[in-house]
There are 2 protein chains.
Amino acid sequence: MSQPLIRPSDGELAILRVLWSHGLSTVREVHDELLKEREMGYTTVLKLMQIMVEKGLVTRDESSRTHVYQAAQGEESTQSCLLNDLLQKAFEGSAKSLVVRALSNTKSNDAELDEIQAYLDLLKARKP
Amino acid sequence: MSQPLIRPSDGELAILRVLWSHGLSTVREVHDELLKEREMGYTTVLKLMQIMVEKGLVTRDESSRTHVYQAAQGEESTQSCLLNDLLQKAFEGSAKSLVVRALSNTKSNDAELDEIQAYLDLLKARKP
DNA sequence: GTGAAATTACGAAGCTCTTCGTTGACAACT
DNA sequence: AGTTGTCAACGAAGAGCTTCGTAATTTCAC
């Protein structure tokens, strides 16, 4: 029941971000959203999304003239997929190294650290 | 004094891994090492490493006939670079999300969890 | 109905990454 | 000196990603 889980390219990921936060969207809606970040043509986005249909990254409702797109895999699954990939290729599979590097990288505020601590406690409690 | 920090491709990263763990290496040494993981031609590795010289990912000592290569940027810097990139593109810049996802992804053992806890304590202590 | 606007479809071009065959230079051995 | 083996250099080819121009189709306003 687990899909193949495709690793999206950078451009595809940008589109998926929009679909995740906006839900069902047309090409125009996605394009308008992406324009806020950087300049790009409408047909560029269209072409990318058509390819993503073929790959199975998104699904498409063609019943009306303006097609409506939807992300085919969840945000969390995709994050896991990309993270696992990086883990193997750059951290020799050591989740600890990755987490430590991520923490040292960015200045997390206290609230964030507390949330991480809470999750860590949860993991520890589950292993008595 | 901080270099531009180039984001290496997958193939380049595989070569960097060898250079990081083995130090100064010839193309043949890198190729032999990579062969343990997957099949690939000698000239393929050579070509990649030549391109990496042009990009500044590695440096090369050409004084003897068989050139000797060396990684130009450290393993930690490169990890940070790749991690930051993923952070922006897939986690909306939230280090907390990334860390939580990484932790939930892999079954870390107690020792690893303890090490992460220790690092977390360090960060907290630094912010009173 | 006709013209304008929006949308999809198509194809091509440029780029990077990856792969490898061939060639020419150099070295070592006989 | 000639043969053999190793190496760097080069070019080319194929794949994937990104970009966009153009054409074809549908819809809508008038």
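Residue numbering restarts at 1 for every chain, and letters A, B, ... go by the order of the sequence lines.
- Side-chain proximity of A:Lys55 to D:dC17, C:dT8, D:dC7: nearest is D:dC17.
- The stretch residues 96-105 of chain A participates, sequence neighbours left out, in these side chain to side chain donor-acceptor pair (under 3.5 Å) pairs: A:Ser94-A:Ser97, A:Lys96-B:Glu115, A:Arg101-B:Glu76, A:Arg101-B:Gln79, A:Asn105-B:Ser80.
- For A:Glu39, there are no salt bridge (Lys or Arg N to Asp or Glu O under 4.0 Å) partners two or more places apart in sequence or in a different chain.
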Heavy-atom contacts, protein to nucleotides 19-30 of chain C, under 4.0 Å, summarised as B (base), S (sugar-phosphate only) or - (none) per nt, yield BBBB--BBS---
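- The salt bridge (Lys or Arg N to Asp or Glu O under 4.0 Å) test applied to A:Asp61 returns no partner, not counting sequence neighbours.
- The distance from atom CE of B:Met52 to atom P of C:dC17 is 11 Å, rounded to the nearest whole Å.
- Interface residues of residues 9-21 of chain B facing DNA chain D, ordered by number: none; criterion, heavy-atom separation under 4.0 Å.
- Remark: B:Gln50 is in phosphate contact with D:dA9, judged by side-chain N or O atoms under 4.0 Å from OP1 or OP2.
- Here the P atom of nucleotide C:dT8 and the CZ atom of A:Arg28 are 9 Å apart, to the nearest Å.
- In this structure, CD on A:Glu12 lies 10.5 Å from CZ on A:Arg7, to the nearest 0.5 angstrom.
- Regarding contacts with the backbone of C:dA9, a side-chain N or O of A:Arg60 is found under 4.0 angstrom from either OP1 or OP2.
- Sorted by first and then second residue, the ring-ring contact (aromatic ring centres under 6.0 Å, His included) pairs involving residues 44-99 of chain A (not counting sequence neighbours) form an empty list.
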